[in-house]
Colleague: 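Below is a structure I'd like to ask you about.
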Amino acid sequence: MSDVIHLLPDHVANQIAAGEVVQRPASVIKELLENAIDAGAENIQVYIKEAGKILIRVVDDGVGMSLTDARLSFERHATSKIKLAEDLFQLQTKGFRGEALASIAAIAHVELKTRRENDEVGTCIKIEGSEITSQEACVTPRGTSISVKNLFYNIPARRNFLKSDTVETRHIVDEFQRVALAHPAISFSLVHNSGELFQLPGTNFRQRITNIFGGKTNEKLVPVNEDTEILKISGFVGKPEFAKRSRGEQFFFVNDRFIKSPYLNHAVSAAFEGLLKEKSYPSYFLYLKVDPKSIDINIHPTKTEIKFDDEHALYAILRSAIKHSLGQFNVAPVLDFERDPNLDTPYNYENKPVATPQVEVDRNFNPFKNEYQSNRSFAPTFKKETAPWESLYTGLKNEEVETDVDLKQIEFESEEVTGNLFGATRVEENQNSTFQLNKKFIISTLKNGMLVIDQHRAHTRILYEELLKSITVSAAVSQQLLFPLVLQFTQQEIALLKGIKESLEQTGFIFSEIKSDSAEITGIPTSISESEVEMLLEQLLADFENEVPGSNFSQTDLLAKSLARSMAVKSGNLLNATEQQHIVNGLFACKEPSLTPFNKPVFITLPVEELEKKFM
Ligand code: ADP
Ligand code: MG
């Protein structure tokens, strides 16, 4: 038999290598940006069309290349940056593998124009699938411009694997921001189709962060500086009260390179311990300098993970430096003692001082009988009011409350049962047959058992269906604000906001003006309060940013889901009887009452037989 092993042709080898380097348009952007920085550029422009699927062009004013270098740059393992393996431990550049251009040229149509300062003419090269199709002298400014067209044109499987334009653009913006944050002195711009997403002048770290994340960011930053033998830290952490509900703004740069490090992230969280609300994440922009010898950046092909020699020491230094900064800038005491309650979101209602109940205790009051007649002071205001019957139980422990009510429930239920609902029979609506358990569940009776409804989930379902209807069918009414509300956003958030503005207006928002870093709001949905708007929109935009849509991605659906979740009453909110009834009735008027829009169960039923079993 003849031999079977043969060497792969270069273009096949390059395609295979490309799979490691280029996963999506954003990977191309990252490689090209890094090359431009390595070439000493001071100004870098990025243009993309259709999320980079059609065109990615990066133009720099760096050193440029000679004719020979221009040709060589597309060869695999062709690099000007290292000569010996030892150089790997002295790296001052971003690239070093000499793989990026070769990989990109294997899977796209590439056009390179480049000229060095003292050359009279430049070089233009066109390459398709690793084959040079044209090469000529050309007139071009100093520096390099690389256009990458029709990415993955020769690997349909890869091309089909790309996500929606929204998602791919988000990846591009992520990479762009990381590079731009690591190099504030260089000016960057990013233009998508014909819209400018970022225009960042060369500046310092603080200003760069502010330019990317919006005007108000500046006041939220606390500087962190530490200089030790093994680690130099500079940069900023966000004040705890501005912590985000998503992990968006967390950046480590090690020797000017963005990296991910769950371990160091933990060090930051540890420094914030006790200062953050539940489920919120501190922002940070931390620039770490270490001896290049003490790290190995070679362990991951896309180079966002690195290995440190002395991780434990870095952890300790980082944590104490941040703690120190937070303390020094009086962040901790401010949060503990001088917090402005007006800034609190409804998430915190639970922690607010308890308002003295306005209702006198009436021990004979029966909550399950005609509350409207028996109690005139009953106020239907949402959220803050203490339900009158709640006062029945003041001074009693929770467990006792439950027992107490269960008894009444059983007594009551045996007499009054009508109405048909989902195979079970619920007690007539105007009978006050609900009560709240642990400020989380609404309990209602069924003919042959009981119904336990998760108040937050139920309300989410109700609002979701309402919102869907108002977005798609008829616009909801808005409440006009006395004074327009101006909210700050990042450029990326503004781009998203513009995309969903119309749908948002259908829900009751009125935007009088959207600028490059802020939005002016003059009307809001009737069901929310002004103080909730910022939190709500922030959450909404975070949801949109984090959405990795499956096949059934729909903007309307996502919008309705996100708003519904934010607007719905939370667990921990006390609901009076009217509110409970409102939720129960609203829920069972829904098309799909049993599941939340996120497919979680909304209620459970407990049949009497099961209860009886428990008493055996
Ligand atoms: P690496 O960056 O790992 O060296 P690349 O494939 O990204 O590998 O680039 C190969 C070589 O091409 C680089 O080492 C550099 O000499 C040259 N090069 C690439 N992009 C540029 C640019 N924008 N300006 C000047 N030279 C460049
Ligand atoms: Mg490179």
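Counting convention: from 1, in listed order, for ligands and their atoms alike. Position 1 is the first residue of the sequence, and the numbers go up from there. Predicted model, so just to flag it, every value in this text is computed and none were measured.
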Colleague: Should the pair K260 and Y263 be classed as cation-pi, given the thresholds of under 6.0 Å to the six-membered ring centre and 45° from the axis?
Modeller: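 That pair does not qualify as a cation-pi contact.
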
Colleague: Before accepting this row, confirm whether a basic side-chain N of the pair K289/D256 lies closer than 4.0 Å to the acidic partner's carboxylate O.
Modeller: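 Salt bridge present between K289 and D256.
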
Colleague: With a cut-off of 4.0 Å, which atoms of ligand 1 are near a heavy atom of A100?
Modeller: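 Result: 6 (O), 7 (O).
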
Colleague: Is D60 touching ligand 1 with its side chain, its backbone, both, or neither, if touching means heavy atoms under 4.0 Å apart?
Modeller: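 Only the side chain of D60 comes within reach of ligand 1.
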
Colleague: Report yes or no: does a heavy atom of E99 sit under 4.0 Å from some atom of ligand 1?
Modeller: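 Contact present.
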
Colleague: Of the backbone atoms (N, CA, C, O) and the side-chain heavy atoms from C-beta on, which set of L101 has a member under 4.0 Å from an atom of ligand 1: side chain, backbone, both, or neither?
Modeller: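 Both the backbone and the side chain of L101 come within reach of ligand 1.
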
Colleague: Got an N, O or S from N35 under 2.8 Å of the Mg ion (ligand 2)?
Modeller: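 Coordinating: yes.
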
Colleague: Would you list the atom pairs, donor with acceptor, under 3.5 Å between side chains in residues 59-68 and any protein atom, with sequence neighbours excluded?
Modeller:
{"unit_1": "D60", "atom_1": "OD1", "unit_2": "G62", "atom_2": "N", "d": "2.8"}
{"unit_1": "D60", "atom_1": "OD1", "unit_2": "T144", "atom_2": "N", "d": "3.1"}
{"unit_1": "D61", "atom_1": "OD1", "unit_2": "E42", "atom_2": "N", "d": "2.7"}
{"unit_1": "D61", "atom_1": "OD1", "unit_2": "N43", "atom_2": "N", "d": "3.0"}
{"unit_1": "D61", "atom_1": "OD2", "unit_2": "N43", "atom_2": "N", "d": "3.4"}
{"unit_1": "D61", "atom_1": "OD2", "unit_2": "N43", "atom_2": "ND2", "d": "2.9"}
{"unit_1": "S66", "atom_1": "OG", "unit_2": "D69", "atom_2": "N", "d": "3.1"}

Colleague: Is there at least one pair of N or O atoms, one from E31 and one from ligand 1, spaced under 3.5 Å apart?
Modeller: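 No; the residue has no nitrogen or oxygen that sits under 3.5 Å from a nitrogen or oxygen of the ligand.
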
Colleague: Distance from L181 atom CG to F213 atom CZ, nearest 0.5 Å?
Modeller: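 Reported to 0.5 Å precision, the distance equals 5.5 Å.
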
Colleague: Which of the atoms in ligand 1, numbered in the order shown and given with their element, are less than 4.0 Å from a heavy-atom of T144?
Modeller: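 Near T144, meaning under 4.0 Å from one of its heavy atoms, ligand 1 has 22 (C), 23 (N), 24 (N), 25 (C).
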
Colleague: If you round to the nearest 0.5 Å, how far is CG of D165 from NE2 of H192?
Modeller: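 Separation between the atoms: 6.0 Å.
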
Colleague: Can you find a heavy atom in the side chain of L541 that is under 4.5 Å from one in the side chain of T490?
Modeller: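 Not in contact.
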
Colleague: What pairs with N204 under side-chain contact (heavy atoms from CB on, under 4.5 Å), at least two apart in sequence or on another chain?
Modeller: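 For N204, the residues satisfying side-chain contact (heavy atoms from CB on, under 4.5 Å) (neighbours in sequence not counted) are R206, Q207.
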
Colleague: Run down the list E75, M65, R116 and name the one with the heavy atom closest to atom 21 (C) of ligand 1.
Modeller: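 Heavy atom nearest to atom 21 (C) of ligand 1 belongs to M65.
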
Colleague: Would you mind listing which atoms of ligand 1 come within a distance below 4.0 Å of any non-hydrogen atom of S73?
Modeller: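 Reading through ligand 1 atom by atom, the close ones are 10 (C), 12 (O).
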
